[in-house]
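Structure, as structure tokens:
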Amino acid sequence: MTQAEDHEAFEDASAPSLSQRAMAARGTPHLDGLNRPQREAVEALDGPVLVLAGAGTGKTKALTCRIAHLLATGRAKPWEILAVTFTNKAAREMKHRVGQLVGGAIEGMPWLGTFHSLGNRILRRHAELVGLESNFTILDTDDQLRLLKQLLQAEGIDEKRWPPRLLAGLIDRWKNRGWTPEALPPDEASGFNRRGGELYAAYQRRLKELNAVDFGDLLLHCVTIFRTHDDVLEQWRRRFRYILVDEYQDTNVAQYLWLRLLGDGHRNVCCVGDDDQSIYGWRGAEVGNILRFEKDFPGATVVRLEQNYRSTANILAAASGVIRANEGRLGKTLWTEADQGEKVRLIGHWDGEEEARWIGEEIEAMRRGTRGLEPLGLDGMAILVRASFQMRAFEDRFLTIGLPYRVIGGPRFYERMEVRDAMAYFRLAVSPADDLAFERIVNTPKRGLGDKAQQTVQVVAREAGVPLVEGAALVVEREMIPAKGRNRLRTLLEGIARWHAASEAGEPHVELAERILDESGYTGMWQGDKSPEAPGRLENLKELVQALDEFENLQGFLEHVALVMDAGSEDGGEKVSIMTLHAAKGLEFPAVFLPGWEDGLFPSQRSMDESGMKGLEEERRLAYVGLTRARERLTVSFAANRMVFGRWQNALPSRFIDELPAEHVEVLTPPGLYGGAHGAAAGFGAATAPGAAATPESELEARAARADAYASPGWKRMQARRGERQLGQPREASSLVIDVEAVPAYEIGERVFHQKFGYGRVEDAEGDKLTVAFEKAGVKRVVARFLTAADGAGDVPF
DNA sequence: GAGACCTTGCAGTGT
DNA sequence: GCAAGGTCTC
């Protein structure tokens, strides 16, 4: 059937199209305000379309308008459109925007969601085709690891040498590539002590026994079903007349197969993406998918969105300068009509704490209005970090100064211990045969059931071939464990049976949940706990029960949690956002801070070690994503010293700093390191901890390392630029020599300040080496140039 | 069996 | 610097 026939058949079947008539009457308001390429992307409804959308070019707008257009022209009903995103956030956003465009006229879009949530829904309808029941459980990483651990133990594999996490990673990768155990290439299967393939198969068998799936299965099982059951595939192909995919550059092989299988019939597939923003290679994403689109779908319409509506010209130029260094791009030339705006600011700091302190002050200043700029709300500011451990310095600092912040995608609500425990109880109420849930809570709260007792239950259950609850019942019945534990185990089993019955009988789930936590003694356990975090945990439990209210039943809630994993509730109030660069994709802020631009941290050493040039290019794309999040103000920073695993490590400025085009960058002088250029130079490249720099030995090391530091391209460039800027002091800008005379002298008894140790009083002086009694850090020997006079040190706030 | 204490490995990104 | 896991003691 051709596209036209297809279209007509639909029109015939669906009576005169109301929406079409309405559109004729209303015109096409949803097309207003689109630029030419955007409009092209929206109006090319039939056949394959690839939209290459640079950062900030109105990608989501094009996508949502396209959906609106499909609906308005009567090409498709809301339920005939499959629209796929990567994150729940993106799905929510798109739903919201389509709703706005179309007006409340449509009842949402049932098939707009993430790959995983859509895969989940499809899989539940055909679960039996892959040996599951439709009420299967979705395992979280925790469960998955425990399962693998058991498997390895059963196989007698040394966990130390072959850690379960490694196997989990392998299996995840295989699933992302669309490989079932049967289809696993031999060279892959021979990994993990030559037993990878075998263990993968065993893991899948065990999942089936537990009626459970992991994340990868949600897609891979669908693919298997589509491939082996033509009738099922045909049914879904007929249903989804139009397919839209957001962030296509992030699709992995399994997702690609899933899409191709669904889209190959009518080929009404519209993929939107940006190869320059592909940052999920580590998760199995294949940039190749987007690069290959025109081969996969011959005759595809390709539209490029290149006009950027988000950032100032300076910011855009800085981002373009960085991404230019990548090879193998499809190549887009972003342009803007926006003003030059402020230059991108670059600043180096002594250490991570100083960096956090400075950013905190900048934020306060921006909030008040600074440098002749408009005051800016905290909601408009974001700090984007490479790795989540970097967030701590900011949290610590902001808590100290009382700056409100929110961490996005931080430690998740549903990953907290007490929430998981509670959910394990809920899972048992829904399906008592959930062995993993049973293991989790059998001795929580303490029921006197230690390793020995639990082993007995395991053995009995395995021998009888029954779930653990039933095995436990046998153990109680046969009196195989001491009376004390036995009685408590019996109580637990009775509880589970009772909760399950209540759940089946349709008892209101919120009350049931409360009752479960009560009767199991779980709430009581935390009430009796004197530790400082106990109240918080009880609070979380309360919140959990409240969250239940929005769902029909426990099962629906559990499913949602497994897929979404984020509490969603956002308390109001102006706050600075802190998040990883990955989490920031798709967002934008008037002011953005990008701290931690140090080689090894960003680009991440691991990424480069594991994937070489490919890894580096992905890191660079990540830098590009970060830079392009900013609308007006952008500040990049790095620190010379950073705490890693509790030790101070020195670092060199990121190579990406070299790639920032100088003419769009303003280099700032770090505060607190007196004397600007050369004062700062003293800090960078120091081989030792800031505090330890006091001893002569470490001072020598510091000098040696400093010479290296100057060889670092990032540093050289920064110095060169500083030199240009500070025309009056060109000698300092390139000087390798510490200008001792510039170091102020201190007197005995003088109050001083040290970046690391805080305030103190000079007790003794020997040349430039001073003994200082610090108020908090005690007595230390420090070099004079790491100190400032405590009073009148205007650029060193406490 | 449970809690205190010590050792070890770790933190790269997330549906 | 911290959490998880192991070991030791009650």
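A note on names: the letters A, B, ... follow the listed sequences, proteins ahead of strands, and every chain is numbered from 1.
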If you find the nucleotide of DNA chain B closest to A:R447 and the one closest to A:F389, which residue's nucleotide is nearer the 5' end?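 By nearest-heavy-atom nucleotide position, the 5'-most residue is A:R447.
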Assign each of A:K446 and A:I279 to its nearest nucleotide of DNA chain B by heavy atoms, then name whichever residue's nucleotide is nearer the 5' end. A:K446
Send over the distance from [X] [atom1] to [N] [atom2], rounded to a whole Å.
{"X": "A:Q649", "N": "B:dA11", "atom1": "CD", "atom2": "C1'", "result": "13 Å"}
{"X": "A:D250", "N": "B:dT15", "atom1": "CG", "atom2": "C1'", "result": "11 Å"}
{"X": "A:E618", "N": "B:dG14", "atom1": "CD", "atom2": "P", "result": "12 Å"}
{"X": "A:I138", "N": "B:dG14", "atom1": "CD1", "atom2": "C1'", "result": "15 Å"}
{"X": "A:L166", "N": "B:dC10", "atom1": "CG", "atom2": "P", "result": "11 Å"}
{"X": "A:Q144", "N": "B:dT15", "atom1": "CD", "atom2": "P", "result": "15 Å"}
{"X": "A:R121", "N": "B:dT15", "atom1": "CZ", "atom2": "P", "result": "19 Å"}
{"X": "A:L139", "N": "B:dT15", "atom1": "CG", "atom2": "C1'", "result": "14 Å"}

State whether [X] places a side-chain N or O below 4.0 Å from either non-bridging phosphate oxygen (OP1 or OP2) of [N].
{"X": "A:R647", "N": "B:dC10", "value": "no"}
{"X": "A:T580", "N": "B:dG14", "value": "yes"}
{"X": "A:N443", "N": "B:dA2", "value": "yes"}
{"X": "A:S607", "N": "B:dT13", "value": "no"}

Please state whether the rings of A:W236 and A:F240 are parallel, tilted or perpendicular, taking 30° and 60° as the class boundaries. parallel
Which part of the nucleic acid, if any, lies within reach of [X] when heavy atoms closer than 4.0 Å are counted: base, sugar-phosphate only, or nothing?
{"X": "A:E619", "result": "base"}
{"X": "A:F86", "result": "sugar-phosphate"}
{"X": "A:D609", "result": "nothing"}
{"X": "A:E159", "result": "nothing"}
{"X": "A:G646", "result": "base"}
{"X": "A:R621", "result": "nothing"}

Can you tell me which nucleotide in [options] comes closest to the side chain of [X]?
{"X": "A:F645", "options": "B:dG14, B:dT13, C:dG1", "value": "C:dG1"}
{"X": "A:A583", "options": "B:dT15, B:dT13, B:dG14", "value": "B:dG14"}
{"X": "A:R392", "options": "C:dG1, B:dG14, B:dT13", "value": "C:dG1"}
{"X": "A:R283", "options": "B:dT13, B:dA11, B:dG14", "value": "B:dG14"}
{"X": "A:K452", "options": "B:dT13, C:dG5, B:dG1", "value": "B:dG1"}

Between A:F215 and A:H116, does the ring centroid distance fall short of 6.0 Å? yes
Do A:F86 and A:F115 have their ring centres less than 6.0 Å from each other? yes
Does A:D451 have more than 12 heavy atoms from other residues, nucleotides or ligands lying within 6.0 Å of its CG?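 Open.
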If stacking means aromatic ring centre less than 5.5 angstrom from the base's six-membered ring centre, planes under 30°, is A:Y280 stacked on B:dT13?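 A:Y280 vs B:dT13: stacking no.
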Taking the six-membered ring of A:F136 as reference, does the cationic atom of A:R124 (NZ for Lys, CZ for Arg) lie under 6.0 Å from its centre and within 45° of its axis?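 Positive - A:R124 is close enough to the ring of A:F136 and near enough to its axis.
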Taking atom types as modelled and ignoring hydrogens, do the side chains of A:N176 and A:N252 form a donor-acceptor contact shorter than 3.5 angstrom? yes
